[in-house]
Every structure is written in structure tokens, then in C-alpha cells.
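All remarks here apply to the structure that follows.
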Amino acid sequence: MPVAPKACSRFPLIIAVLFLLFAPDSLLLAQSSGRRSAPYPVLPDAPVRNIMLFIGDGMGLAHLSASRINMEGPDGWFAIERMPVTSLVRTNSADDVVTESAAAATAYATGHKTKNRMISMSPDSAKLRTIVEAAREKGLATGLITMGDNLTGATPSAFATHVPDRSMSEEIASQYALSGVDILIGKGEKHFLPDTSGGVRKDKRNVVEEMKRKGYAVVRSIAELEAAQGRKILGFMSLENNSDDKIVGATRKALQVLSKNKKGFFLMVECPLPDHGGHSHDSSAIVAGIQQLDRAVEVALEYARKDKQTLVLVTADHETGGLALAGAGKGATTVNTLFSTGNHTAVPVPLFAFGPHAIRFTGMKDNTEVASICGDLLKLRKFPAKR
Ligand SMILES: [Zn+2]
């Protein structure tokens, strides 16, 4: 026969219920890892109007995990990790099982593999149509942001320019002036300026002035960026810092400007620190960079959750450093980082997806497939272009 519980044994339960009813939300959020770890929902299929592609340069699963364990603890969750669909991406280039950022970004930007160091040109040096070019032709707004690299760096360049070698910074800057990309933010103004005006260009062109005449607001600080009017912005600044207000502000501003285009937009945001930290075996740079990337992704996810027609993708171009995470002793809440190389590796990288049709990004993918699925979802013409 069941025994009725004594009143005193119910007492802790009553206290717990009263606590749950009256505790402030913030306290509950902090205490309930279940709520913080809840994945973003799988959205119903809808036409994809906007795509945001975040590229953690050199970001393998170990880089992401090291950063999250350090910032949120072993039981914590980054926003990136709460995206509901995941995939693995193979990264080999046309001429090497180990890629670098130019060939890897070309695969994401054009849907074709090329040789290492080439920027959106085929191995036989033909121009490859980029997703930014196809999106612009369809009337979409476009944006390229690198949090800490030069605008003429390999990753942003591959989305809007075509050169046979990634070192051709001045030619890349010249091509940006003709690209029509609405928002361009990164470092390296010197490649846009003549050597007579503090730049490095020998051809005497002032590409900054040329772009101003084409209607770009040129800004050099986050305050100037946030105050910028109009739909075209050229920003020269680093968004990396110890707090994450810069990258959050820049992401919000980019979304605010690009979303004025009712046909939709394509935005790529690159975080270069996981690659830099992987090359120099600097795990603190990796941790800081990915934490800032996660803050930017969280802004994107909140936008996409409300919009319901925006696909958010977070991935890497390749892994850097051959990073392994070893235990730091029983009870430790952090890990020891061990690098096996100072270069890139051939290990596949993770991809996280949220938004309508995110489910297309499951299983093992080739990096070129990421581009072809994006082109299909945005219904872009001649993309990827046939070869
Ligand atoms: Zn690298």
C-alpha cells in the first residue's frame, strides 16, 4: 500500500516551485543550462531571400571548442553551437590536398575549385562568376566584411574580384571600385591610395576618391560607420578588440542597410583570428576571435529568427594548426591546446546552418557544394557558372 509522503518531505518541492514562479528571468537563465543550450528552431521551408555566410578563417572544431570551453565553460553553449543543422565540409583545392584561403574562398564564392593562391579564377586563368556578381545581377544587395584582415585579403577578395595571385592587392582594390558591392569593411586603406597620399599604389590612382564619387560613404571608425547614411559604405577599420561592441555594431549596421533592399541580400563576414592564432600557436587569439565571431553570429541569428526568410551559415575555409585539445587534469574546466603544425591541414571543417532549407546542409559536403546550394536557394542565374 503506498505511503502518503509526509508534509515535511514536500517542503523543499514547494520552495522550489515558489522559486521558479518568482525568480527573475535572468537568474533562471543563468541557472538553467537547458534553456541556454536550447537549439535554435528548425524553420519551415520558405523562399530564401537573404544569405549570411560567416567564415571563421582556419576555424576547426577544436578551435571552436577551445574558445567555447574557455568563455562559457565545458557545459556552456555558443550561439553557433545552437544552430540546428550541421555538416562537415571537405576543403582540398584543385592542386593541393591542403588548401589556403584564396582557393578555399574561391570554392565558396564560385562553386569551383582552383589552384592555391588564385582568386576566383580557374586553374587556366579564366574568370569565375561569383555569388556576389550573380546576386547583384538579380538585384540583391551585397556586403563583404572582414573583422581584422585587409579588404584585399584572400577571403573577401574572392567574392568580388578576380586575380591570378592573392598578393595582387592594388589590382584587387581597383576591381573593388568596379564591383558595385554595397558594403565593404576591412583594413588596408593603403592599397586604395597612391604613394603620394600615404598609400602604396604606384599607379597614382586614388581609389578611395573614385569610390566616393560612385556614392560610397567612406568611414574609418565604428562611430562613423553607425552614423553613415545611404546604401553604399566603404569602411576602413579593424573590428577586433577586447570587447565585442565593434563587431556587434558593424553587423547590426550592415543588416540595417542591406535589408532596405526588398529583393534580398548576400553578406559574407570573415573572422581571421583563428587562422592567425593557428599559424602562431596563439590560443588566446583563437579564443578571442571566435568569441567575437559568435557575438556577430548571434546578431545574425536573432535577425533571421524574426525574418524567417534568411539563411545563416557559419563555417571555415580550412583548419589551421592541426589543433588538438587535451585534458588539463581532473576537475579542470579548461583544456590544453596542442598544435601539430604551423600550417593549414586537410581535415574537414564544421558547418552550422539556421533558416529555411537549412536541412540542405547535412552530411559530408565538398566546399564547392556550399556555393551551389546557396545559388539554388537564392535562385541565381548561371551560378555556379558552367565550365
Ligand atoms: Zn592561414
Side-chain angles (χ1 to χ4, degrees), residues 53-67 80 88-110 113-121 144-159 161 163-169 172 186-188 191 238-240 247 268-294 296 314-325 337-351 366-368 370:
L53 172 62
F54 290 86
I55 298 179
D57 203 310
M59 182 178 75
L61 205 47
H63 301 64
L64 180 65
S65 303
S67 182
I80 294 172
L88 294 170
V89 181
R90 295 157 38 142
T91 65
N92 58 297
S93 69
D95 67 341
D96 200 327
V97 68
V98 176
T99 191
E100 46 72 70
S101 294
T106 296
Y108 285 146
T110 72
K113 289 199 189 285
T114 193
K115 290 185 191 170
N116 283 1
R117 299 194 65 84
M118 296 184 89
I119 300 275
S120 287
M121 290 184 111
L144 301 172
I145 298 175
T146 173
M147 288 166 59
D149 202 356
N150 288 342
L151 258 179
T152 54
T155 305
S157 301
F159 286 84
T161 73
V163 289
D165 192 278
R166 58 184 286 176
S167 64
M168 300 169 67
S169 303
I172 290 169
K187 294 195 303 184
H191 300 296
S238 170
L239 300 168
E240 290 166 349
I247 185 60
M268 190 288 299
V269 180
E270 184 215 10
C271 171
L273 272 178
D275 182 60
H276 296 169
H279 284 297
S280 59
H281 296 182
D282 177 357
S283 38
S284 62
I286 292 170
V287 167
I290 297 177
Q291 188 208 12
Q292 287 168 40
L293 175 68
D294 192 65
V314 183
T315 189
D317 48 358
H318 52 73
E319 196 269 359
T320 305
L323 181 59
L325 305 182
T337 48
L338 306 169
F339 295 90
S340 60
T341 173
N343 287 318
H344 305 163
T345 69
V347 70
V349 291
L351 181 148
D366 187 72
N367 53 6
T368 54
V370 175

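Scope of the values below: all heavy atoms of this structure, side chains included, with no hydrogens, waters or symmetry mates. Treat the numbers as computed from the prediction; the structure is a model and nothing was measured. Just follow the structure's listing: the first ligand is 1, and inside any ligand the first atom is 1.
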Short check: any N/O/S atom of H344 below 2.8 Å from the Zn ion (ligand 1)?
yes
From OG1 (T91) to CG (D366), nearest 0.5 Å
9.0 Å
Is there an N/O/S atom in D275 that lies less than 2.8 Å from the Zn ion (ligand 1)?
yes
Minimum-distance atom from the Zn ion (ligand 1) among N, O or S atoms of H279
NE2
Hey, mind stepping through D96 and K115 against salt bridge (charged side-chain N to carboxylate O under 4.0 Å, His left out) and telling me if it holds?
CA-CA 7 Å; D96 200 327; K115 290 185 191 170; over 6 Å; no
Can you give me the closest heavy-atom contact between T99 and D317, atom names plus distance?
CG2-O, 3.9 Å
Apply side chain to side chain contact (heavy atoms under 4.5 Å, CB included) to residues H276 and D282 and explain how you reach the verdict.
CA-CA 8 Å; H276 296 169; D282 177 357; over 6 Å; no
